[in-house]
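Down below is the structure, laid out as structure tokens.
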Amino acid sequence: MRLSRYFLPVLKETPADAQIVSHRLMLRAGLIRQHTAGIYNWLPLGYRVLRKIEQIVREEQDRSGAVEILMPTVQSADLWRESGRYEDYGKEMLRIVDRHERDMLYGPTHEEVVTDLFRSIARSYKDLPRNLYQIQWKFRDEVRPRFGVMRGREFLMKDAYSFDLDEAGARRAYNKMFVAYLNTFARLGVKAIPMRAATGPIGGNLSHEFLILAETGESGVFVHKGVLDKTVPADVDFDGDLQPIVDDWTSLYAATDEMHEEGAGAELGDDLVSARGIEVGHIFYFGTKYSKPMGCTVAGPDGAPVDVHMGSYGIGVSRLVGAIIEACHDEAGIVWPEEVAPFKVGLINLKSGAAETDAVCEDLYAKLEKAGVDVLYDDRADERAGAKFATMDLIGLPWQVIVGPKGVAAGVAELKNRATGERVELSFDAILARLAG
RNA sequence: CGGGGCGUAGCUCAGUCUGGUAGAGUGCUUGCUUUGGGAGCAAGAUGCCGGGGGUUCGAAUCCUCUCGCCCCGACCA
């Protein structure tokens, strides 16, 4: 993409409305623009990041055996009356009345819809287990939206719903999501730590929140320092026994301030790390909470109807854009992990309009594109070097290729690593080899 | 939903107390110069001063109603 033809409104000054660093950077780097309170336009650069995250989430869900569907954003209130949540949900639910005076709502979550869908299709225990997921926009009418996309009213979420014959099956489904989440966050380039979460009326220990550690996180977290060094096993067999992996990750203390126990923390002594975190995922087993009132049953092996055991599993996709920036930035701007970066390379022509740098840049640009490398080429003729550097640092692409007249005369350009700041002068071919490899 | 704050040029913000021709910086346009870290000089364009009603000879400024946004708290992916 040529910057001269793109739609990238970077701001030199910090917008007055934005308080936290990710919100400020998302506005300054031209990722989003606010439409109204808690609702955002996604501009090209931000939308690319959103899609990258979405795709990684999708691939890891698929790999774990979940099946993608797409459910409606607008739902019938009747379903929520069946589950008993219509009145409970309160003002967070955006309620709509259609032309026939029927009560509708903009979905804040999809347990009711997916349970209704599944009960209309599944007849036998042989239809189990299943895990259906979607990546869909939701709306919760937060009293007080803030922090940009981290706490918007409209947000993009991956939500999965598992259906099993019994609790043991549900636990296997739960473990699959647990491990899928570990894989997902690792690929996203962030460290997300599973922490025991409140399970509500269901009880048990099958609820975990995944939190990214960041100074500006909204929740206080207390973790055993050993958790920070845990790694994700490669090439997990999702049909095998995942319990050892889950046990390993949950063996060390990790809790948000809500769940924190002073005593347990004190026992850890120097091993206790106190930090802040942003919740980006939540997995939850809730048994027959919806299947029972909504009549989602299948015939068991003995022919008798069985209430299906369910769990739900969320990842805040749009929130992750902000959360990743919270964890990955410096004074100059965003520092994208390569997997989610909107472009891999920023190509800077320090003297657009000069024949020699233009020729080198055009050649590098064409060859990188041909090699399948996402490149944002700053070909603007009316910006000076300093402005181009500042813009490129702000938007945080992992690699910068800097082409100036002096280097071109010597047959080299500069390759800069955004994260480390390291720069090396290399021949054009060597740069191509490094970036296309 | 309780408490507080703010709406003035694309952006950041003066001006409001004490009514009297709409301001600065930055950005934008044009020209010249400049050319490796958000350049310099010169010229220029840009505003229903959030909206309605009122007071007044006269309102960005005072009164009133209203809409929107932000912050703190309670709440939450």
Side-chain angles (χ1 to χ4, degrees), chain A residues 9-20 23-24 27-28 30 33-39 57 89-93 107-110 135-160 181 192 197-198 207-212 217-219 256 258 277-284 312-323 331-333 348-354 357 378 380-395 400-409 412-414 416 421 423 425:
Chain A
V10 300
L11 301 173
K12 194 189 268 186
E13 293 184 83
T14 301
D17 286 350
Q19 299 299 311
I20 63 168
H23 190 193
R24 287 200 288 258
L27 290 165
R28 287 195 53 215
R33 275 296 169 89
Q34 179 164 305
H35 170 71
T36 187
I39 302 178
V57 169
Y89 216 92
K91 292 196 164 181
E92 301 246 308
M93 180 184 280
T109 181
H110 283 71
I135 298 172
Q136 175 65 294
W137 290 94
K138 301 192 188 307
F139 193 91
R140 291 184 193 167
D141 199 0
E142 297 280 347
V143 212
R144 191 183 157 207
R146 60 185 126 173
F147 305 151
V149 300
M150 298 258 286
R151 176 104 179 262
R153 293 195 292 172
E154 187 181 56
F155 56 98
L156 186 63
M157 186 175 177
K158 185 285 301 180
D159 47 324
Y181 277 33
S207 179
H208 285 90
E209 292 176 344
F210 288 73
L211 288 100
I212 290 178
E218 60 218 314
S219 316
T256 61
E258 287 180 336
I278 302 162
E279 186 185 344
V280 290
H282 195 170
I283 61 179
F284 199 89
S312 71
Y313 314 90
I315 291 180
V317 176
S318 49
R319 161 178 280 202
L320 266 165
V321 180
E331 311 72 39
I348 300 178
N349 187 342
L350 286 180
K351 200 170 181 182
S352 294
T357 57
D378 191 345
R380 294 173 298 173
D382 52 356
E383 290 294 347
R384 306 172 30 119
K388 292 187 175 187
F389 287 132
T391 296
M392 207 54 88
D393 285 348
L394 175 64
I395 67 175
Q400 295 175 14
V401 175
I402 301 160
V403 177
K406 291 169 197 150
V408 166
V412 296
E414 222 172 315
K416 174 179 163 183
R423 305 148 168 263
E425 287 200 330

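Each chain gets a letter, A, B and so on, in the order the sequences are listed, and its residues count up from 1. Because the structure is a prediction, the values reported are computed rather than measured.
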Item to check | Rounded distance (Å) that lies between atom P of B/C76 and atom CD1 of A/Ile278 | outcome: 18 Å
Between the protein and nucleotides 9-12 of chain B, which nitrogen or oxygen pairs come in under 3.5 angstrom?
residue: B/C11; atom: O2; partner: A/Glu13; partner atom: OE2; Å: 3.2
residue: B/U12; atom: OP1; partner: A/Ala16; partner atom: N; Å: 2.8
residue: B/U12; atom: O4'; partner: A/Glu13; partner atom: OE1; Å: 3.3

Checklist entry - If you find the nucleotide of RNA chain B closest to A/Ala387 and the one closest to A/His23, which residue's nucleotide is nearer the 5' end? => result A/Ala387
Checklist entry - In whole angstrom, what separates A/Gln19's CD from B/C69's P? => result 16 Å
Next on the checklist: Applying a 4.0 Å non-hydrogen cut-off, can you work out what A/Asp159 is touching in the nucleic acid: base, sugar-phosphate, or nothing?
Outcome noted: nothing
Checklist entry - Quick one: side chain to side chain contact (heavy atoms under 4.5 Å, CB included) partners of A/Thr109, sequence neighbours excluded? => result A/Trp80, A/Arg85, A/Tyr89, A/Glu111, A/Arg140, A/Tyr161
Next on the checklist: From C-beta outward on A/Lys12, which listed nucleotide comes closest to its side chain: B/U26, B/C75, B/C69?
Outcome noted: B/U26
Checklist entry - Residues two or more places apart in sequence or in another chain: which of them pass side chain to side chain donor-acceptor pair (under 3.5 Å) with A/Arg24? => result none
Checklist entry - Which whole number of Å gives the distance between the P atom of B/G51 and that of B/G47? => result 14 Å
Next on the checklist: Test of understanding: with ring-ring contact (aromatic ring centres under 6.0 Å, His included), list the residues that count as partners of A/Phe210, not counting sequence neighbours.
Outcome noted: A/Phe178, A/Tyr181, A/Phe185
Checklist outcome for this item: Those residues at least two apart in sequence (or on a different chain) that pass side chain to side chain donor-acceptor pair (under 3.5 Å) with A/Lys416 are A/Asp393
Item to check | Atom C1', compared across B/C13 and B/U55: separation rounded to whole Å | outcome: 30 Å
Next on the checklist: Suppose we screen for side chain to side chain contact (heavy atoms under 4.5 Å, CB included). Which residues come up paired with A/Ala381, at least two apart in sequence or across chains?
Outcome noted: A/Ser352
Item to check | Per A/Gln34 side chain, nearest of listed nucleotides B/G27, B/A74, B/C70 | outcome: B/C70
Checklist entry - Is there a Watson-Crick or G-U wobble partner for B/G73 with both distances under 3.5 Å, and if so, which one is it? => result B/C1
Item to check | Spacing of the C1' atoms in B/A45 and B/G23 (rounded, Å) | outcome: 16 Å
Checklist entry - Which of residues 313-322 of chain A sit near RNA chain B, with a heavy atom under 4.0 Å from it? => result A/Arg319
Checklist entry - If we take the C1' atom in both B/G15 and B/A24, what is their distance in whole Å? => result 10 Å
Next on the checklist: Can you measure A/Gln136 atom CD to B/A77 atom C1' for me and round it to whole angstrom units?
Outcome noted: 15 Å
Next on the checklist: Output the rounded distance in Å from CG (A/Leu27) to P (B/C70).
Outcome noted: 11 Å
Item to check | Partner residues of A/Arg146 under the side chain to side chain donor-acceptor pair (under 3.5 Å) criterion, sequence neighbours left out | outcome: none
Checklist outcome for this item: Any strand, both distances under 3.5 Å, Watson-Crick or G-U wobble: B/U29 pairs with B/A43
Item to check | For B/A22, the Watson-Crick or wobble counterpart (both distances under 3.5 Å) | outcome: none
Checklist entry - In whole Å, what separates the P atom of B/C49 from that of B/A60? => result 8 Å
Next on the checklist: The criterion is side chain to side chain contact (heavy atoms under 4.5 Å, CB included); which residues satisfy it with A/Glu154, sequence neighbours excluded?
Outcome noted: A/Ile39, A/Tyr106, A/Trp137, A/Phe139
Checklist entry - Tell me: CZ of A/Arg151 to P of B/C69, nearest whole Å? => result 16 Å
Checklist outcome for this item: Those residues at least two apart in sequence (or on a different chain) that pass side chain to side chain contact (heavy atoms under 4.5 Å, CB included) with A/Arg28 are A/Leu11, A/Thr14, A/Pro15, A/Leu394
Checklist entry - Which part of the nucleic acid does A/Lys158 contact within heavy-atom distance under 4.0 Å: base, sugar-phosphate only, or nothing? => result nothing
Checklist entry - Please give, in whole Å, the distance from B/C1 C1' to A/Arg140 CZ? => result 19 Å
Checklist entry - Should the pair A/Asp382-A/Arg380 be classified as a salt bridge under the 4.0 Å nitrogen-to-oxygen rule? => result no
Next on the checklist: Going by purine N1 to pyrimidine N3 plus the second Watson-Crick contact, or the G-U wobble pair, all under 3.5 Å, which nucleotide sits opposite B/G68?
Outcome noted: B/C6
Next on the checklist: Please report the distance separating the C1' of B/A14 from the corresponding atom of B/G58, rounded so that it comes out in whole Å.
Outcome noted: 23 Å
Checklist entry - How would you list, by chain and number, every residue that makes a side chain to side chain donor-acceptor pair (under 3.5 Å) with A/His110, sequence neighbours excluded? => result A/Gln75, A/Gln134, A/Lys138
Checklist entry - When the distance from NZ of A/Lys388 to C1' of B/A39 is rounded to whole Å, what number comes out? => result 14 Å
Item to check | Whole angstrom value for the distance that separates C1' of B/G38 from CG of A/Asp393 | outcome: 11 Å
Checklist entry - For A/Lys91, which contact category applies under a 4.0 Å heavy-atom criterion: base, sugar-phosphate, or nothing? => result sugar-phosphate
Checklist entry - Considering only the P atoms, how many Å lie between B/U66 and B/A77, rounded to the nearest integer? => result 34 Å
Next on the checklist: Say we look at B/U64 and B/U26: how far apart would their P atoms be, to the nearest angstrom?
Outcome noted: 39 Å
Please list, for nucleotides 29-36 of chain B, all pairs of protein and nucleotide N/O atoms separated by less than 3.5 Å.
residue: B/U34; atom: O2; partner: A/Arg384; partner atom: NH1; Å: 2.5
residue: B/G36; atom: N1; partner: A/Glu414; partner atom: OE1; Å: 2.9
residue: B/G36; atom: N2; partner: A/Glu414; partner atom: OE1; Å: 2.3
residue: B/G36; atom: N2; partner: A/Glu414; partner atom: OE2; Å: 3.4
residue: B/G36; atom: N2; partner: A/Arg423; partner atom: NH1; Å: 3.2

Next on the checklist: By the 4.0 Å heavy-atom rule, please label A/Gly90 as base, sugar-phosphate, or nothing.
Outcome noted: nothing
